[in-house]
Number of protein chains: 2
Amino acid sequence: MGVKERKERDRQEMRDTILQSAHQLFVDKGFDDVSIRNIAEAIEYSPATIYLYFKDKNEIFYALHMEAFKIFNEYMFTLAEIQDPFMRLMKMGERYMEFTFKFPKYYDIMFIMQAPMNCDINSEEWKMGEAAHCQLENLVKECQDTGHFTGKDYKTLSFLIWSTMHGMCSLALRDRMKIYVEEERSKMLEKSFTMFKQILETI
Amino acid sequence: MGVKERKERDRQEMRDTILQSAHQLFVDKGFDDVSIRNIAEAIEYSPATIYLYFKDKNEIFYALHMEAFKIFNEYMFTLAEIQDPFMRLMKMGERYMEFTFKFPKYYDIMFIMQAPMNCDINSEEWKMGEAAHCQLENLVKECQDTGHFTGKDYKTLSFLIWSTMHGMCSLALRDRMKIYVEEERSKMLEKSFTMFKQILETI
DNA sequence: CAAAAATAATAAACAGTGTTTATTTTACTA
DNA sequence: TAGTAAAATAAACACTGTTTATTATTTTTG
């Protein structure tokens with residue numbers, strides 16, 4: 001009598017198939033440039049079928065959003081080998097930038113895209129985002145234990161650090177660095193990140 | 001025999017009418033949520049007429065982009081009364097934030113939106129953006145003359161400052177501050193901006 | 001095993017989008 | 001006034017996300 005169970009498995013399989021196709025198309029072209037029909041064509045089903053497995057395009061967005069955060073968190077928080085918290089924080093910044101330019105479309109949905117973020121506070125994707133941010137705050141606090149950032153509110157500083165990293169990354173991703181000639185851009189990013197690290201060392 | 005001249009004037013007038021409607025709709029709903037048909041309806045012309053005055057929707061985007069920068073520049077660089085360059089820089093940061101939340105849709109097209117920014121280096125809109133950035137760089141350099149930011153490359157620091165401001169503003173605008181409860185958000189923005197100013201004072 | 005019920009997949013349609021083309025209306029000139 | 005040039009438009013094209021009514025498949029039941 002495992003029919004129900006198999007049905008459920010089939011359902012999950014189909015959801016995965018859809019998401020895999022969506023993922024691939026999405027990483028190539030970006031969320032807005034991938035249509036339901038594109039996904040349907042890729043998996044050789046009719047467009048309407050997608051709607052049997054996902055409420056709408058946003059639900060696919062959410063699923064990819066979650067996947068993105070999974071990759072992001074793995075990318076960012078596998079730095080246990082680095083003992084010194086400040087060094088770890090610096091390395092995290094580097095990883096943040098690496099992630100951004102390695103998965104630009106993911107960075108986009110995670111931090112830039114206008115999305116109907118009616119995601120309630122309990123949704124899984126949301127928890128991932130919160131976990132990431134929590135890790136940053138804890139790390140900043142740890143840095144304070146080793147003599148850094150004395151007198152600074154660690155929550156505020158965490159947000160400020162995130163903002164700075166996000167600012168550099170998103171300006172680059174969204175092509176707002178045309179004030180600098182092509183060849184200078186990555187150099188400028190590097191230099192400003194280096195300067196940021198220096199500043200963090202002195203405060 | 002001033003027919004040609006009047007025709008040209010009429011043409012400019014029509015362009016302005018279109019842009020005014022586009023502007024209003026756009027400020028209310030944002031670029032993506034305003035269609036050519038919306039604009040056409042607002043000015044009581046057929047959609048096809050729009051295409052007699054603008055090549056495509058992007059050309060309207062560019063025009064609004066330019067207008068946004070005009071407002072932005074007026075908003076940011078009317079601080080001649082402040083003598084001290086560092087004070088002026090701080091005030092500019094405040095104005096930047098003010099502008100962001102006063103004209104969120106404009107901030108969006110200027111600094112966030114994915115736009116076909118094939119705007120060549122000579123376009124007017126482009127010059128405006130460059131002018132704004134140039135003003136920032138000059139101001140940072142001025143600050144160095146009064147003893148601030150010693151030993152720092154002013155171009156790099158300018159970009160870093162812009163990045164930080166943009167980071168905070170765009171995370172807020174794009175609803176990425178849900179890690180904080182509603183009431184905390186603006187407080188957090190304020191606090192992190194204040195901390196940023198403090199940091200700039202010490203470096 | 002055959003009929004009935006439930007489930008899955010789809011074709012077709014709806015209302016919207018940016019944009020183009022062929023046609024009609026309006027304005028100007030000879 | 002007739003003919004021409006310019007401006008405006010209706011209608012269409014190829015898309016979009018999404019819904020509905022219909023068909024095909026699978027499962028359950030008599």
Side-chain angles (χ1 to χ4, degrees), chain A residues 1-19 21-23 25-26 28-65 109 113-118, chain B residues 1-23 25-26 28-65 105 109 113-118:
Chain A
M1 207 35 126
V3 178
K4 228 174 191 168
E5 284 79 0
R6 199 213 58 210
K7 278 275 168 79
E8 181 53 33
R9 243 184 309 126
D10 285 358
R11 208 187 140 70
Q12 271 306 329
E13 240 169 69
M14 186 59 156
R15 268 184 75 101
D16 283 356
T17 307
I18 293 169
L19 280 181
S21 276
H23 163 93
L25 285 166
F26 177 70
D28 290 347
K29 313 203 288 171
F31 190 76
D32 282 337
D33 292 329
V34 176
S35 71
I36 298 289
R37 283 172 180 81
N38 293 156
I39 301 169
E41 203 175 355
I43 60 171
E44 294 177 296
Y45 276 79
S46 84
T49 304
I50 308 282
Y51 288 89
L52 299 175
Y53 297 89
F54 293 91
K55 192 178 137 283
D56 52 29
K57 206 186 171 187
N58 284 326
E59 206 169 289
I60 298 176
F61 174 93
Y62 291 140
L64 290 173
H65 193 260
I109 32 165
M113 269 185 64
Q114 192 72 276
M117 299 243 104
N118 40 353
Chain B
M1 205 37 123
V3 178
K4 228 172 190 171
E5 285 77 1
R6 199 214 57 210
K7 278 275 168 79
E8 181 52 34
R9 245 186 305 126
D10 284 358
R11 207 188 140 70
Q12 271 305 329
E13 239 169 69
M14 186 59 155
R15 267 184 77 100
D16 283 355
T17 307
I18 293 169
L19 280 180
Q20 266 173 44
S21 275
H23 163 94
L25 286 165
F26 177 70
D28 291 347
K29 314 203 288 173
F31 190 76
D32 282 337
D33 292 330
V34 176
S35 70
I36 298 289
R37 282 171 181 82
N38 293 156
I39 301 169
E41 203 174 358
I43 60 170
E44 294 177 296
Y45 276 79
S46 84
T49 304
I50 310 280
Y51 288 89
L52 300 176
Y53 298 89
F54 293 91
K55 194 179 135 284
D56 52 29
K57 207 187 171 186
N58 284 327
E59 206 169 290
I60 299 177
F61 175 92
Y62 291 140
L64 291 173
H65 193 260
K105 309 293 180 183
I109 31 167
M113 270 186 63
Q114 192 72 276
M117 299 244 106
N118 39 352

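Below, chain A is the first sequence line, B the second, and so on; all start at residue 1. Small disclaimer: the values here were computed from a predicted structure and weren't measured.
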B:Ile39: which of B:Leu19, B:Leu25, B:Thr49 passes side chain to side chain contact (heavy atoms under 4.5 Å, CB included):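 When side chain to side chain contact (heavy atoms under 4.5 Å, CB included) is applied between B:Ile39 and each of B:Leu19, B:Leu25, B:Thr49, only B:Leu25 qualifies.
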
Taking the side chain of [X] as its heavy atoms from C-beta onward, which of [options] lies nearest to it?
X       : options                : answer
A:Arg37 : D:dT18, C:dT19, C:dT10 : D:dT18
B:Tyr53 : D:dA8, C:dT21, D:dG17  : D:dA8
A:Asn38 : C:dT10, C:dT19, D:dT16 : D:dT16
B:Tyr45 : D:dA8, C:dG18, D:dT16  : D:dA8
B:Tyr51 : C:dT19, D:dT9, C:dT10  : C:dT19
B:Ser35 : C:dA8, C:dG18, D:dT9   : C:dG18

Could you tell me whether the side chain of [Y] reaches within less than 4.5 Å of the side chain of [X], counting heavy atoms only?
X       : Y       : answer
A:Asn38 : A:Lys29 : yes
B:Val34 : B:Ile60 : no
B:Arg15 : B:Glu59 : yes
B:Thr17 : B:Tyr45 : no
A:Tyr53 : A:Arg11 : yes

Terminal helix-axis angle for the helix from C:dC1-D:dG30 to C:dA30-D:dT1, with five pairs defining each axis and rounding to 10 degrees: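 Result, rounded to 10 degrees: 30°.
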
Would you kindly give the [atom1]-to-[atom2] distance between [X] and [N], to the nearest whole Å?
X       : N      : atom1 : atom2 : value
A:Phe54 : D:dT19 : CZ    : P     : 16 Å
A:Arg11 : D:dT25 : CZ    : P     : 21 Å
B:Leu52 : C:dT20 : CG    : P     : 12 Å
A:Ile39 : C:dA9  : CD1   : P     : 16 Å

Given DNA chain C, 5'-ward residue of the pair A:Ser46 and B:Asp32, judged by closest heavy atom: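 Comparing both residues, the 5'-ward one is A:Ser46.
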
Contact summary for A:Ser21 and A:Ile43, nearest pair of heavy atoms: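 What the structure gives for the nearest pair is OG-CG2, 3.1 Å.
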
